[in-house]
Structure formats: C-alpha cells, structure tokens
Amino acid sequence: TDGAIITSSKNIHGLAEISRKNFISVLQGTSRFDTVVYPGQTSDMTLRIFSTPVFENEKVAYIVQVSTPLTSIEAALNNLKVTLFLLFPITILVTGVMGSFLAKAAMHPVDNMIQTIHQITAENMKLRIASPKTKDEVQKLAETFNEMLERLEGAFTAQQQLFADLSHELKTPLTILRGEFEVGLKRARSAEEYEAILHSGLEEINRITKLADSLLLLAKFDSKEVRPEMKLIDISSLIQDSVNHIKVLSEIKHIHLILKAGERILMNADEGQLKTAFLNLLDNAVKYTPESGNIDVTVERKMSMARITIHDSGVGIPKKEIRHIFDRFYRVEKSRNSSGFGLGLSIARSIIEAHNGTIEVKSNASQGTAFIIKIPAL
Ligand code: ATP
Ligand code: MG
C-alpha cells in the first residue's frame with residue numbers, strides 16, 4: 001500500500017503505472033482493471049492489468065497485480081478488421097454478380113414470351129408462346145396465356161364469320177332490289193307492273209328489316225342488356241296463342257298441327273320473349289315439314305318444370321349438323337332453298353336460357369325433328 005514492491009515475476013522490470021483513480025479504489029478495497037502501455041525491450045507492449053487488494057485484519061495490507069499482454073487479442077482483432085474490410089465487399093460483389101446472372105437466366109423465358117407477345121396482332125392470332133418446361137410459375141403463366149389466346153382466337157374467328165355471313169345476307173336482298181328497280185326503269189311500265197315491282201321490293205325490305213331486328217336482339221342478349229321482363233304467365237295459354245298464330249301458315253301446307261295442353265302451368269316469364277322463341281320453333285317446324293305432314297305440340301308439367309315438345313314429321317337434321325344448328329347464320333345445306341337467315345334458333349335458345357331453361361333437339365331423317373324445352377315453373 002505504500003508503493004514498495006515486495007515481489008514480482010522475473011520478466012517484470014519496474015512497476016506498471018495504473019491510473020491514480022483506480023489505485024485509490026484498490027486501496028479502498030475494490031478490484032480494478034487497467035490497460036497500460038509497457039515499454040518493452042524491442043517494442044512497446046500493451047498490458048491488461050488486474051489489481052486486487054489483499055486484506056489483513058479487515059484492512060488493505062497488500063495489492064496483487066496480474067497482467068497479460070494484449071498482443072494476441074490485438075492481432076486477432078486486426079485480422080478480423082482486414083477480413084471484414086476485404087471479404088465483405090468481395091462477398092457482395094460475388095453475390096451481386098451471381099444474383100444478376102441467376103435473375104437473367106430465370107427471366108430469359110419471360111423475355112422470349114414478351115417478344116412473341118409483341119408479334120401477336122388481330123391478323124396474327126395463331127401465334128402461341130413457347131412454354132418453357134420449367135415446372136414453375138413462368139411455365140404456368142405461358143400456358144395460361146396460351147389458353148387465353150385460344151379463347152380470344154375462337155371469339156375473334158366467330159366474330160369475323162358473323163361479319164362475313166351478315167354481309168352475305170345483306171347482299172342478297174339488296175342485289176334483288178337493285179335488279180328489280182333497274183328492270184323497272186329500263187322502259188315505261190303499266191301501273192300493275194310498277195305495283196308488282198314495288199311489292200317485290202317491299203318484300204326484300206321486310207327481309208332486311210327482319211335481319212336487322214334479329215341481329216339487334218341477339219346483340220342485346222350478348223351484352224346482357226335485355227333482362228326478361230318477368231311477370232306471372234300461364235305457359236299453356238302462351239303456347240296455345242303461338243300455335244293459333246302459326247296455324248295460318250300450316251294450313252297453307254295442309255299440315256296437321258295438333259296441340260296437347262292440359263292444366264295451367266304458371267311461371268314468371270317475359271311473355272313477349274317467350275312467344276318470339278316458340279314462334280321461331282313453330283315456324284321452323286312448318287318450314288321444314290313437307291305438305292300434309294304432322295306437327296305435335298305438347299305442354300306438360302314434369303316436377304318443377306314445364307316441358308314443351310314440338311315434334312314434326314319433317315325433313316330432319318343430319319346427325320353431324322345437329323351441334324351447329326343453334327349457331328348464328330347456320331343453315332343446313334338442304335334447307336337453303338327456303339327463306340331464312342339461320343338466326344331463329346339462336347334467338348330461341350338465348351331467350352330460353354335467359355329464363356333458366358334448356359332446349360334440346362332429337363332428330364332423325366325418317367321421323368322428323370323434336371325440340372324439347374324445359375323451363376322452371378311455379
Ligand atoms: P330463320 O329462322 O332465321 O328465318 P332458319 O329457319 O334457316 O332461318 P334457324 O331457325 O336458326 O334458321 O334454324 C337453323 C337450321 O336448322 C335451319 O336452316 C334448318 O336447316 C335446321 N332446322 C331447324 N329447325 C328444323 C326442323 N324443325 N326440321 C328440320 N330442320 C330444322
Ligand atoms: Mg327458323
């Protein structure tokens with residue numbers, strides 16, 4: 001405690017100076033740590049010194065100091081610094097380069113897809129994206145995109161076909177009209193002749209008007225613009241009305257048109273629309289049944305459904321054509337010589353489906369055709 005050294009290790013030359021504040025603390029009885037620079041033989045050495053009091057009769061009698069050089073720790077710390085400063089940027093650089101390489105490799109198929117997509121236009125809808133066999137999201141994306149293209153191409157082709165058919169249907173009556181007017185104007189005609197030409201002209205104009213009306217109705221169904229105007233009706237009497245309406249036509253061809261409708265079958269429906277649908281079906285039955293044939297119409301209740309069957313003994317529909325007859329402008333080849341646009345059935349189906357109903361067809365060349373319609377009843 002008076003500063004005199006009682007004993008020391010051989011390699012200690014002189015006393016390492018610890019701070020005054022710590023020396024006083026040790027004198028008062030607490031152990032302390034110090035870091036001091038000790039002048040060595042070749043170079044200075046940093047020492048970590050532990051000073052601890054030794055008590056005698058509860059008073060500090062001696063101080064024991066133990067020290068260890070910090071060189072190895074400093075060396076380790078220096079090494080760590082170098083490692084951190086060098087290795088860290090190198091690691092970042094390497095991961096960065098590898099990351100960008102990987103990202104490029106992963107994005108390569110997407111790049112290819114983008115290039116193909118750029119080439120797809122309305123005129124070039126057949127193009128498809130090469131789908132990479134990577135079994136990941138990119139492959140799924142490519143496949144989904146191709147499916148979408150498939151659907152779009154289908155819709156687009158149908159649209160083009162519609163345009164072509166429409167132009168064709170418009171052309172026929174217009175050509176007839178022009179022909180008749182030209183013939184009429186060639187020389188002076190009698191009043192009867194002019195009247196005949198006007199009559200015939202009016203027929204063609206009616207034809208065009210019917211076409212425009214039908215197309216407008218279909219377009220409205222497509223855009224879901226016409227919601228059926230539902231009210232409570234009796235489907236049996238609606239069919240009765242339609243049959244009466246068509247009787248005029250069937251009688252001209254001496255067709256036996258028979259309706260079997262018993263009980264009242266109530267339902268919520270759009271009267272005008274349903275009548276259009278059934279008139280279209282009955283009109284077909286008369287049109288495609290030869291003279292003196294039969295048409296049987298039945299209305300009955302089957303559970304919660306009204307079931308209407310229109311069965312004719314007409315020309316029938318060939319098996320391979322059946323799946324097309326509801327398409328717009330589709331007409332079976334042999335019916336081409338009768339008037340019509342091929343729109344009646346697509347309109348009928350749209351109307352029945354808007355009433356949550358179904359329409360199916362059974363046809364056979366020898367036994368004629370049956371249309372079966374089911375609509376939910378009350
Ligand atoms: P539109 O009804 O527009 O005046 P359309 O009668 O030719 O013309 P749809 O009613 O749509 O057109 O019928 C499509 C085609 O289905 C007809 O052209 C005809 O070939 C065939 N078809 C429809 N109903 C019958 C039927 N009852 N018997 C035989 N063929 C039929
Ligand atoms: Mg028709």
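Both counts, for ligands and for their atoms, begin at 1 and track the order of listing. Side-chain atoms are counted along with the backbone in the values below, which use heavy atoms only and exclude waters and symmetry mates. As the structure is a prediction and not an experimental result, all values here were calculated from the model.
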Counting only N and O atoms by type, is there a donor-acceptor contact under 3.5 Å from the side chain of S350 to the main-chain atoms of S346?
-> yes
Has the side chain of N356 got a donor or acceptor atom that lies under 3.5 Å from a matching backbone atom of P376?
->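 It does not hold such a pair.
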Among protein atoms, how many N/O/S atoms lie less than 2.8 Å from the Mg ion (ligand 2)?
->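 For the Mg ion (ligand 2), protein nitrogen, oxygen or sulfur atoms under 2.8 Å: 1.
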Got an N/O contact under 3.5 Å between [X] and ligand 1?
X    : answer
V332 : yes
D283 : no
L345 : yes
S339 : no
S346 : no
G340 : no
K210 : yes

Among all residues two or more places apart in sequence or in another chain, which pass the ring-ring contact (aromatic ring centres under 6.0 Å, His included) test with H245?
->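 H245 satisfies ring-ring contact (aromatic ring centres under 6.0 Å, His included) with no other residue.
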Residues two or more places apart in sequence or in another chain: which of them pass ring-ring contact (aromatic ring centres under 6.0 Å, His included) with Y62?
->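 Expected list: none.
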I'd like to know if [X] pairs up with [Y] as an ion pair, taking the criterion as any Lys NZ or Arg NE/NH1/NH2 lying under 4.0 Å from an Asp or Glu carboxylate oxygen.
X    : Y    : answer
R307 : E300 : yes
D327 : R349 : no
K81  : E74  : no

Atoms in ligand 1 flagged as close to [X], the criterion being non-hydrogen separation under 4.0 Å:
X    : result
Y330 : 14 (C), 15 (C)
F371 : 24 (N), 27 (N)
R331 : 5 (P), 7 (O), 18 (O)
F341 : 1 (P), 3 (O), 4 (O), 8 (O)
G316 : 29 (C)
G344 : 1 (P), 2 (O), 3 (O), 9 (P), 10 (O), 11 (O)
K287 : 4 (O), 5 (P), 6 (O), 8 (O)

Relative to the ring of F326, is the ring of F371 parallel (under 30°), tilted (30 to 60°) or perpendicular (over 60°)?
->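 It falls in the perpendicular class, over 60°.
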[X], [atom1] atom: more than 12 neighbouring heavy atoms under 6.0 Å:
X    : atom1 : answer
H256 : NE2   : yes
M98  : CE    : no
E263 : CD    : yes

In this structure, which one of V299, L281, T309 forms a side chain to side chain contact (heavy atoms under 4.5 Å, CB included) with I373?
->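 Going through V299, L281, T309 one by one, the side chain to side chain contact (heavy atoms under 4.5 Å, CB included) with I373 is satisfied by L281 alone.
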Which is closest to atom 30 (N) of ligand 1 in terms of heavy atoms, N280, I317, I322, I325?
->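 Heavy atom nearest to atom 30 (N) of ligand 1 belongs to I317.
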Under 4.0 Å from ligand 1, counting heavy atoms only, is it the side chain of [X], its backbone, both or neither?
X    : result
E321 : neither
F326 : neither
T369 : side chain

Mind checking what makes salt bridge (charged side-chain N to carboxylate O under 4.0 Å, His left out) contact with D283, not counting sequence neighbours?
-> K287
Take every heavy atom of G314, measure it against each atom of ligand 1, and state whether any distance is under 4.0 Å.
-> no
Show the numbers, then the answer: is there a salt bridge (Lys or Arg N to Asp or Glu O under 4.0 Å) between R128 and E153?
-> CA-CA 11 Å; R128 292 291 177 271; E153 195 195 346; 2.7 Å; yes
Answer yes if the side chains of S236 and R264 hold a donor-acceptor pair under 3.5 Å, and no otherwise.
-> no
